[in-house]
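Predicted, not measured: the structure shown is a model, and the values here were computed from it. In what follows, every chain begins at residue 1, and chains take the letters A, B, ... in the order their sequences are listed.
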Amino acid sequence: MRRGWFLPIAAALGFVFLYAPIISLVVFSFNESRLVTVWSGFSTKWYGELLADPQMLGAAWLSLQIAAISATIALVLGTLCAVALVRFRRFRGRTVLAGTVSAPLVMPDVITGLALLLLFVAMEGTLGWPAGRGMLTIIIAHSVFCMAYVTVVVQSRLTDLDLSLEEAAMDLGASPVRVFFDITLPIIAPALVSGWLLGFTLSLDDLVIASFVSGPGSSTLPMVIFSKVRLGVSPDVNALATIIIGIVALGVLGATLFQLRGRAQPAKG
Amino acid sequence: MSSFDIDNPPPRRRTWTMVERGLAAVGISGKMLVIAAPAIWLTVFFLVPLAVVFGISLSVKQFGRPPYSDLITFDEEGTVQLTLHLTNYLRLFTDNLYVAAYLSSIRIAFISTVITLLIGYPMAYAIARAPDRWRSILLMLVILPFWTSFLLRVYALTGFMRPNGVINQLLGVFGIPPVVMMQTDFAVYVGIVYTYLPFMILPLYTNLVKLDGALLEASADLGARPWRTFLSVTMPLSMPGIIAGSMLVFIPAIGEFVIPSLLGGPSTLMIGRVLWDEFFANTNWPRAAAVAVAMLVVVVIPIMLLQKAQDAVVEK
């Protein structure tokens with residue numbers, strides 16, 4: 001096939017569009033001036049300011065904890081859900097479960113957030129639990145939508161899985177639970193890792209749902225960033241963004257290299 | 001596991017068997033537990049909340065905690081009274097703000113989806129046709145923004161488009177006066193296209209990379225020009241990718257809150273923002289609930305049905 005000039009140029013422009021704002025964000029995080037868009041000299045003072053900001057650090061620590069816990073809850077429940085949907089072909093309510101678990105994927109955040117807040121308020125009024133809102137309510141809210149993503153990821157891996165391995169283990173006398181932990185789990189481990197990471201990232205990134213279900217004194221990192229950014233430019237947000245982009249870039253780069261190496265040297269069978 | 005010595009079998013792990021026996025004795029099978037745990041969690045924290053939203057949409061705002069009227073009240077004589085207000089729903093139809101916001105959200109989401117497709121398709125196609133060793137690097141470049149914070153990427157755009165931002169400074173170099181971009185609908189389109197582009201490219205790429213090159217050669221051999229080949233071979237074959245990518249952009253764009261509130265102006269009406277303001281600025285929880293219910297009925301449920309119909313077609 002003749003190679004045209006259109007595709008490479010269009011793709012190059014597309015990548016410029018994707019990366020130019022990110023690169024300018026990173027560059028201006030090293031700018032001396034408070035004006036985020038006028039270059040006045042190299043400086044790392046905004047990083048210093050960021051690391052000395054207790055509100056920002058507290059919010060970051062809270063967000064990391066929430067993300068780790070809700071991704072873990074989502075991982076356990078999402079994996080169970082995927083196993084139920086893929087391995088148990090028939091049970092009452094299967095269609096309802098399949099529909100409900102994927103519904104958060106198409107549900108706008110504002111609705112999920114509002115619905116959970118109204119639930120928590122109503123529960124507090126009638127049951128007395130959860131008392132007030134804060135970290136716990138954010139964790140519950142995040143685990144619900146992260147669970148949807150974990151289920152989708154694990155489900156597709158389980159569907160591709162060769163059933164004969166599990167059958168062989170059963171024939172050798174292993175109980176279903178043992179088959180799951182000894183055979184199934186190691187094979188789907190990569191899907192579990194990506195499901196957990198996806199949940200972790202999404203939780204860390206969520207502004208809308210957390211804003212609805214958080215309480216006084218429990219502002220997550222996106223909430224703090226949003227209130228700062230809304231008031232105008234703030235170079236310390238640039239510094240924070242640069243750190244986050246750096247970590248993510250290293251992670252994605254590592255994962256890609258790992259995959260490439262895996263492809264270059266096929267696993268010994 | 002390399003070998004299995006028949007005479008000395010590995011020690012069986014007894015714990016799991018015992019746990020299973022214990023549960024079975026109480027009449028609980030493992031299968032039941034596996035289904036029940038996620039089912040209960042989803043019922044309590046997903047289905048019940050939606051029912052609560054519907055209930056509260058039928059009450060009215062009042063001062064106090066919680067800031068809405070009770071649906072069910074008991075008086076001294078023991079009568080139970082159920083009070084349902086339809087005022088919130090009537091207001092949705094009579095106040096032009098809400099109808100306009102729904103229509104404008106759908107319009108903005110639709111236009112942005114089309115633009116994202118027009119930009120994403122050539123990118124996905126170029127990556128799919130790229131030499132092998134380039135492909136994984138290019139894919140990585142698409143996935144990278146997807147893992148970085150959504151909020152921070154929207155913030156990056158504000159630095160780009162503000163009056164003294166990067167674009168206007170570049171224009172200034174060529175002597176072009178600054179263009180107002182921030183706080184306009186244009187900025188919202190750019191914001192949606194920018195943040196959702198990876199969601200469009202990935203499904204398109206997955207589809208296009210499977211495209212059989214022989215079909216394209218056959219079309220060219222039969223004398224079709226490249227554009228003709230694209231329109232009658234490539235594009236129809238990539239329809240599933242186009243639909244999947246467009247859904248992944250269109251659906252979240254409709255309920256978007258962050259982009260219109262950071263990039264849009266006061267005149268940018270989007271339903272997610274209206275709901276947010278109703279809740280946070282007006283503290284009218286019942287009205288916000290009614291907006292949410294209407295959004296579910298008008299937008300979310302049709303999309304879910306559409307997806308289900310599409311899945312059914314794909315499975316055939």
Side-chain angles (χ1 to χ4, degrees), chain A residues 1 4 7-8 10-11 14-15 17-18 21-22 24-25 28 36-38 77 80-81 83-84 88 91 93 97 100-101 103-104 106-111 114-116 118-119 121-122 125 140 144 175-178 201 205 207-208 222 225-226 229-230 233 237 241 244-245 248-249 252 256 260, chain B residues 13 16-17 20 30-31 34-35 37-39 41-42 45-50 52-53 56 66 119 122-123 125-126 129 136 140-141 143-145 147-152 155-157 159-160 164-166 197 213 216-217 226 251 255 257-258 262 272 275-276 279 288 292 295-296 300 303-304:
Chain A
M1 202 187 93
L7 279 183
F15 279 112
F17 172 60
L18 267 183
I22 296 180
S24 94
L25 185 82
F28 280 104
V36 188
T37 44
V38 183
L77 292 172
L80 288 178
C81 196
V83 169
F88 309 149
F91 57 87
L97 185 65
T100 316
V101 75
V106 294
M107 192 66 73
D109 287 350
V110 279
I111 298 188
L114 177 73
L116 280 163
L118 294 179
L119 174 85
V121 170
I140 293 176
V144 175
S175 69
V177 177
R178 187 160 173 208
T201 318
D205 205 17
L207 165 75
V208 175
I225 295 175
F226 184 68
V229 167
R230 219 178 196 182
V233 292
V237 174
I244 293 180
I245 291 167
V248 171
V252 173
T256 310
L260 285 180
Chain B
R13 261 186 245 165
W16 292 122
T17 344
E20 268 171 82
K31 181 177 166 177
V34 170
I35 299 171
W41 190 262
L42 283 172
F45 295 117
F46 188 74
L47 294 179
V48 174
L50 292 180
V52 174
V53 169
I56 289 172
I119 298 179
M123 290 179 76
Y125 201 25
R129 303 264 110 197
S136 22
M140 187 194 81
L141 285 176
I143 294 169
L144 190 64
W147 288 96
T148 51
S149 164
F150 174 83
L151 182 60
L152 289 174
Y155 171 67
L157 277 182
F160 228 60
N164 58 353
V166 177
L197 193 55
L216 304 181
E217 275 167 33
I251 294 169
F257 163 75
V258 176
L262 285 183
L275 192 155
W276 177 282
F279 182 87
M295 204 164 160
L296 272 178
V300 180
I303 285 171
M304 287 182 78

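The parts of B/Phe45 that come within reach of chain A are both its backbone and its side chain, each placing non-hydrogen atoms under 4.5 angstrom from that chain. In this structure, chain B has heavy atoms under 4.5 Å from both the backbone and the side chain of A/Phe226. At a 4.5 Å heavy-atom cutoff, the contact between B/Leu151 and chain A is made by backbone and side-chain atoms alike. Contacts between B/Ile56 and chain A at a heavy-atom distance below 4.5 Å involve the side chain alone, from C-beta outward. Of the atoms belonging to B/Val300, it is side-chain heavy atoms, and not backbone ones, that fall under 4.5 Å from chain A. Using a 4.5 Å cut-off between heavy atoms, B/Leu144 touches chain A through backbone and side chain atoms alike. With a 4.5 Å cut-off on non-hydrogen atoms, A/Leu80 touches chain B through its backbone and its side chain both. For B/Phe150, the parts lying under 4.5 angstrom from a heavy atom of chain A are both the backbone and the side chain.
Put simply, of B/Leu197, B/Val48, B/Val258, the one with the most heavy-atom pairs under 4.5 Å next to chain A is B/Leu197. When each of B/Leu157, B/Ile303, B/Ile251 is scored by its heavy-atom pairs under 4.5 Å with chain A, the top score falls to B/Ile251. Of the listed residues (A/Pro104, A/Ala249, A/Gly93), the greatest number of heavy-atom pairs within a distance under 4.5 Å of chain B belongs to A/Pro104. In terms of heavy-atom pairs under 4.5 Å with chain B, the best-connected choice from A/Pro108, A/Pro21, A/Ala11, A/Ala115 is A/Pro21.
When all heavy atoms of A/Ile111 and B/Ala292 are compared, the closest pair comes out as CD1-O, 3.6 Å. Listed here is the closest heavy atom pair of B/Met304 and A/Ala103: CE-CB, 3.9 Å.
Taken to the nearest 0.5 Å, the CG atom of A/Leu77 stands 8.0 Å off from the CG atom of B/Leu42. Residue A/Thr201 holds its OG1 atom at 4.5 Å from CH2 of B/Trp147, rounded to the nearest 0.5 Å. Annotation: the span from A/Leu97 atom CG to B/Ile35 atom CD1 amounts to 8.0 Å, rounded to 0.5 Å. To the nearest 0.5 Å, the span separating CD1 on A/Ile22 from CZ on B/Phe160 amounts to 10.5 Å. Interatomic distance, CE of A/Met107 versus CE of B/Met295, reported as 9.5 Å (0.5 Å rounding).
Here the side chains of A/Ile140 and B/Trp41 are in contact, with some heavy-atom distance below 4.5 Å. Residues A/Leu18 and B/Leu141 fail the side-chain proximity criterion, which asks for heavy atoms closer than 4.5 Å.
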Residue pair A/Phe28, B/Val166: steps toward the side chain to side chain contact (heavy atoms under 4.5 Å, CB included) verdict
CA-CA 11 Å; A/Phe28 280 104; B/Val166 177; 4.2 Å; yes
Please evaluate residues A/Ile225 and B/Tyr155 with respect to the criterion side chain to side chain contact (heavy atoms under 4.5 Å, CB included), reporting the C-alpha separation (whole Å), side-chain torsions for both, the decisive distance (0.1 Å), and the verdict.
CA-CA 9 Å; A/Ile225 295 175; B/Tyr155 171 67; 5.8 Å; no
